[in-house]
Amino acid sequence: MEISKENYPRLLIVGTVPYNPQSTSRAFDAYFRSWQRDNLAQVFSDPNEPVKGHCGHLFQITDRRIVSRWMGRNIPTGKAYRYEDLGDDVSTFTPGGIAAKENKVTALMYKIGRGHSPFTHLLRKLLWRKAFWNTSEFNHWLEAFNPECVFLSFSNDFFILEIALYVAEKFDIPICSSTGDDYYFNTKFSLNPLWYLYHGMYRRLNRRVFAHKGSAIYISDKIRDKYNEAFGLNGQTVYLVSDIKRRPFRPINPENIKIRYFGNIRMGRNKSLCDIADALGRINPHLMLEVYSGEPDAKITGIFKAHPNLAFKGRIPYSEVMLLSVDSDILVVVEGFSKRDVQTVRYSLSTKVADSLASGCNVLAYGAPETGAMEYIKSTHCATVCHSIDQLVTSLSQLFNDVNLQKQNYQQAEIISKKNHVVEQSNARVENIIRHLVDENKESHA
């Protein structure tokens with residue numbers, strides 16, 4: 001598919017983190033990199049100051065401002081940013097973190113909210129009353145942009161969906177939903193009655209979104225088939241992409257092996273990384289697993305201290321991730337094993353999968369077999385996949401020493417990268433979906 005040179009539709013993204021290719025929201029690169037900046041706007045709730053990215057128009061609404069309004073302070077709950085006033089430096093930008101200016105009460109709320117408990121979701125629904133975010137400033141900003149379509153980056157918080165629905169109904173425009181995690185069908189048994197209250201309310205709101213005119217894109221075929229069938233949609237899979245330039249094949253040198261992991265270490269991934277580090281220690285006490293992540297919670301990172309073959313390196317910019325990736329011998333993709341963690345990521349397919357396959361390095365995938373990343377990597381036959389701690393030493397030893405296996409993985413990963421993870425292809429697919437929705441909506445009003 002070719003990228004259009006015409007003006008793109010005016011698209012409003014409603015999500016949590018502002019779209020910037022150097023932050024976690026760089027997943028949006030698979031969708032909008034080719035989009036004209038002035039035709040792309042975003043409403044977001046992350047408390048950090050945004051930096052220059054791909055959106056020409058940004059409007060921020062934060063918990064801190066909402067709480068201040070609840071406490072009686074007559075302050076704007078939203079803030080519009082002019083693109084020319086934004087900075088370029090992302091070194092102080094921690095996606096999902098807490099900006100320095102946030103007060104202690106709000107900082108505590110963000111910390112609690114990261115647990116995603118039913119109570120915190122219901123509390124945020126109470127705090128995010130429509131009267132607080134649906135202000136004259138917000139509506140003037142919307143009307144100046146005049147969106148033709150809403151792109152909803154799904155969240156398990158009510159207000160993201162409520163804002164998307166409000167805009168779509170206000171302008172009578174379609175919604176293109178982006179679904180990467182299974183919030184709707186993620187049911188479970190719980191002794192907490194708040195869970196059933198929250199999940200029932202959330203599912204009703206989901207059904208309102210899917211009943212509105214529009215379509216959907218999905219992170220994988222697995223979640224696409226489930227949601228299309230359940231809601232009568234015709235959404236398509238759009239895989240995430242990578243900017244890493246593939247290095248030539250080189251055999252692993254067993255005497256000097258560079259093994260690295262980049263990305264999120266929550267949802268049991270930290271424990272899986274410890275398993276790999278311990279297996280490396282049993283093979284050779286000098287082998288190290290380097291872990292790079294911006295995770296701020298000491299409870300998540302603290303378990304690494306008991307595993308001498310794991311070196312936690314903290315957060316680095318994506319530009320450095322790309323350099324270190326191609327310098328590696330093995331890149332690691334992990335998921336957790338607990339029932340709760342598997343339930344959360346059973347459809348997920350993160351940017352680190354695309355990065356790992358694009359790099360030219362060998363890939364070790366370790367996690368529960370039901371998770372989306374493990375299923376995808378195993379089905380594409382482009383990496384060494386391990387589902388049991390008892391298999392790690394054997395799997396790693398084979399990967400270290402079998403050059404034919406290394407070459408086979410390299411060649412197959414190259415095929416899969418070119419087939420599924422090329423930015424031009426993903427951009428064009430999203431463009432065609434959005435254009436079709438906008439054109440169809442214009443015809444219905446003609």
Side-chain angles (χ1 to χ4, degrees), residues 247 249-316 320-338 341 352-353 355-357 359-369 371 373-374 377-378 382-410 413:
R247 66 163 171 78
F249 173 77
R250 65 169 183 259
I252 293 174
N253 178 2
E255 303 301 319
N256 183 27
I257 306 175
K258 299 173 183 176
I259 309 168
R260 297 183 173 114
Y261 174 84
F262 304 93
N264 190 314
I265 58 174
R266 287 176 175 257
M267 293 171 284
R269 296 180 181 118
N270 56 344
K271 297 177 182 178
S272 294
L273 290 167
C274 291
D275 290 346
I276 295 173
D278 292 347
L280 292 174
R282 290 196 291 274
I283 297 170
N284 182 337
H286 300 294
L287 288 173
M288 296 294 294
L289 170 61
E290 297 178 9
V291 175
Y292 296 83
S293 173
E295 176 55 57
D297 192 339
K299 291 182 180 179
I300 304 295
T301 61
I303 68 169
F304 293 154
K305 295 178 181 178
H307 303 272
N309 295 88
L310 190 153
F312 181 60
K313 301 287 189 174
R315 180 181 182 270
I316 59 174
E320 194 171 341
V321 170
M322 293 191 287
L323 293 174
L324 287 177
S325 291
V326 296
D327 178 59
S328 305
D329 294 296
I330 297 173
L331 292 177
V332 171
V333 176
V334 292
E335 295 294 359
F337 284 89
S338 75
D341 293 332
K352 64 177 170 282
V353 173
D355 281 345
S356 298
L357 299 184
S359 67
C361 303
N362 268 265
V363 177
L364 172 72
Y366 174 60
T371 59
M374 296 301 121
I377 293 174
K378 189 170 186 177
C382 56
T384 294
V385 181
C386 185
H387 299 312
S388 168
I389 190 172
D390 299 327
Q391 300 169 355
L392 273 174
V393 170
T394 301
S395 296
L396 284 165
S397 298
Q398 182 184 17
L399 187 57
F400 292 166
N401 298 290
D402 191 336
V403 177
N404 288 331
L405 174 61
Q406 296 167 19
K407 187 173 292 185
Q408 177 184 326
N409 287 346
Y410 178 92

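Computed from heavy atoms alone, side chains included, the values below leave out hydrogens, waters and symmetry copies. Bear in mind that the values here come from a model prediction, so they are computed numbers and not experimental data.
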S.K.: For the residue pair Ala365 and Ile377, what are the closest heavy atoms and their distance?
M.R.: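 That would be CB-CD1, 3.9 Å.
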
S.K.: State, to 0.1 Å, how close Ile259 and Val332 come at their nearest heavy-atom pair, and which atoms those are.
M.R.: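 Closest heavy-atom pair between Ile259 and Val332: CG2-CG2, 3.8 Å.
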
S.K.: Side-chain polar contacts of residues 385-393 - donor-acceptor pairs under 3.5 angstrom, sequence neighbours left out - could you list them?
M.R.:
unit_1 : atom_1 : unit_2 : atom_2 : d
His387 : ND1    : Gly367 : O      : 2.9
Ser388 : OG     : Asp390 : N      : 3.1

S.K.: Can you tell me how far apart CZ (Arg269) and NZ (Lys352) are? Round to the nearest 0.5 Å.
M.R.: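 Interatomic distance, Arg269 CZ to Lys352 NZ, rounded to 0.5 Å: 4.0 Å.
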
S.K.: Indicate the atoms forming the closest heavy-atom contact of Ser328 with Arg250, along with that distance.
M.R.: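 Looking at all heavy atoms of both residues, the closest pair is O-NH2, 3.4 Å.
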
S.K.: Does Asp341 reach the side chain of Glu335, with side-chain heavy atoms less than 4.5 Å apart?
M.R.: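 Asp341 does not reach Glu335 side chain to side chain.
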
S.K.: Side chains of Phe400 and Leu287: closer than 4.5 Å at any heavy-atom pair?
M.R.: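 In contact.
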
S.K.: With sequence neighbours left out, what residues match Thr384 under side-chain contact (heavy atoms from CB on, under 4.5 Å)?
M.R.: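 Listed in chain order: Leu364, Ser395, Leu399, Leu405, Asn409.
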
S.K.: What distance separates Thr301 OG1 from Leu273 CG, expressed to the nearest 0.5 Å?
M.R.: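 Between Thr301 OG1 and Leu273 CG, I get 12.0 Å after rounding to 0.5 Å.
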
S.K.: Apply side-chain contact (heavy atoms from CB on, under 4.5 Å) to the pair Val363 and Cys382, showing each step before the final yes or no.
M.R.: CA-CA 8 Å; Val363 177; Cys382 56; over 6 Å; no

S.K.: Just verifying a value: how many Å separate Ile252 CD1 and Gln406 CD, rounded to the nearest 0.5 Å?
M.R.: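 Answer rounded to 0.5 Å: 4.0 Å.
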
S.K.: Just so I know, are the side chains of Asp297 and Arg266 near enough to count as touching, which here means a heavy-atom distance under 4.5 Å?
M.R.: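 In short, these two side chains touch, coming nearer than 4.5 Å.
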
S.K.: Can you give me the closest heavy-atom contact between Asp327 and Lys258, atom names plus distance?
M.R.: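 In this case the closest contact between Asp327 and Lys258 is OD1-NZ, 3.2 Å.
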
S.K.: Measuring only between side-chain heavy atoms, which start at C-beta, is Phe312 closer than 4.5 Å to Asn270?
M.R.: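 No; the side chains remain at least 4.5 Å from each other.
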
S.K.: Nearest 0.5 Å, what's the CD-CG distance between Glu290 and Leu310?
M.R.: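 CG of Leu310 is found 9.5 Å from CD of Glu290.
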
S.K.: Minimum heavy-atom separation for Asn309 and Pro285, please, with both atom names.
M.R.: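 Smallest heavy-atom distance, with atoms named: ND2-O, 3.1 Å.
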
S.K.: Residues two or more places apart in sequence or in another chain: which of them pass side-chain contact (heavy atoms from CB on, under 4.5 Å) with Lys271?
M.R.: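 Ile303.
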
S.K.: Could you note down all residue pairs passing ring pair (Phe, Tyr, Trp, His ring centres under 6.0 Å) where residues 259-290 supplies at least one of them, sequence neighbours left out?
M.R.: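 As it turns out, the ring pair (Phe, Tyr, Trp, His ring centres under 6.0 Å) pairs with a partner in residues 259-290, which skip direct neighbours, are Phe262-Tyr292.
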
S.K.: Is there a side-chain contact between Arg247 and Cys361 (heavy atoms, below 4.5 Å)?
M.R.: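 In contact.
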
S.K.: CG of Leu280 to CE of Met288: how many Å apart, nearest 0.5 Å?
M.R.: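 Separation between the atoms: 9.0 Å.
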
S.K.: Going by the rule salt bridge (charged side-chain N to carboxylate O under 4.0 Å, His left out), which residues pair with Asp402 if we only count those two or more places apart in sequence or in a different chain?
M.R.: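 Applying salt bridge (charged side-chain N to carboxylate O under 4.0 Å, His left out) to Asp402 gives none.
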
S.K.: Sequence neighbours left out, what passes side-chain contact (heavy atoms from CB on, under 4.5 Å) with Phe337? Give chain and number order.
M.R.: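 side-chain contact (heavy atoms from CB on, under 4.5 Å) check on Phe337 returns Ser272, Tyr366, Ala368.
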
S.K.: Are Lys378 and Pro369 close enough that some pair of their side-chain heavy atoms sits under 4.5 Å apart?
M.R.: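 Counting from C-beta outward, Lys378 and Pro369 never come under 4.5 Å.
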
S.K.: Would you say Arg260 and Asp329 make side-chain contact, with heavy atoms under 4.5 Å?
M.R.: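 No, every pair of side-chain atoms sits at 4.5 Å or beyond.
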
S.K.: Check Ser356 against Ser359 and note the closest heavy-atom contact, atom names and distance.
M.R.: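 Minimum heavy-atom separation between Ser356 and Ser359: O-OG, 2.8 Å.
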
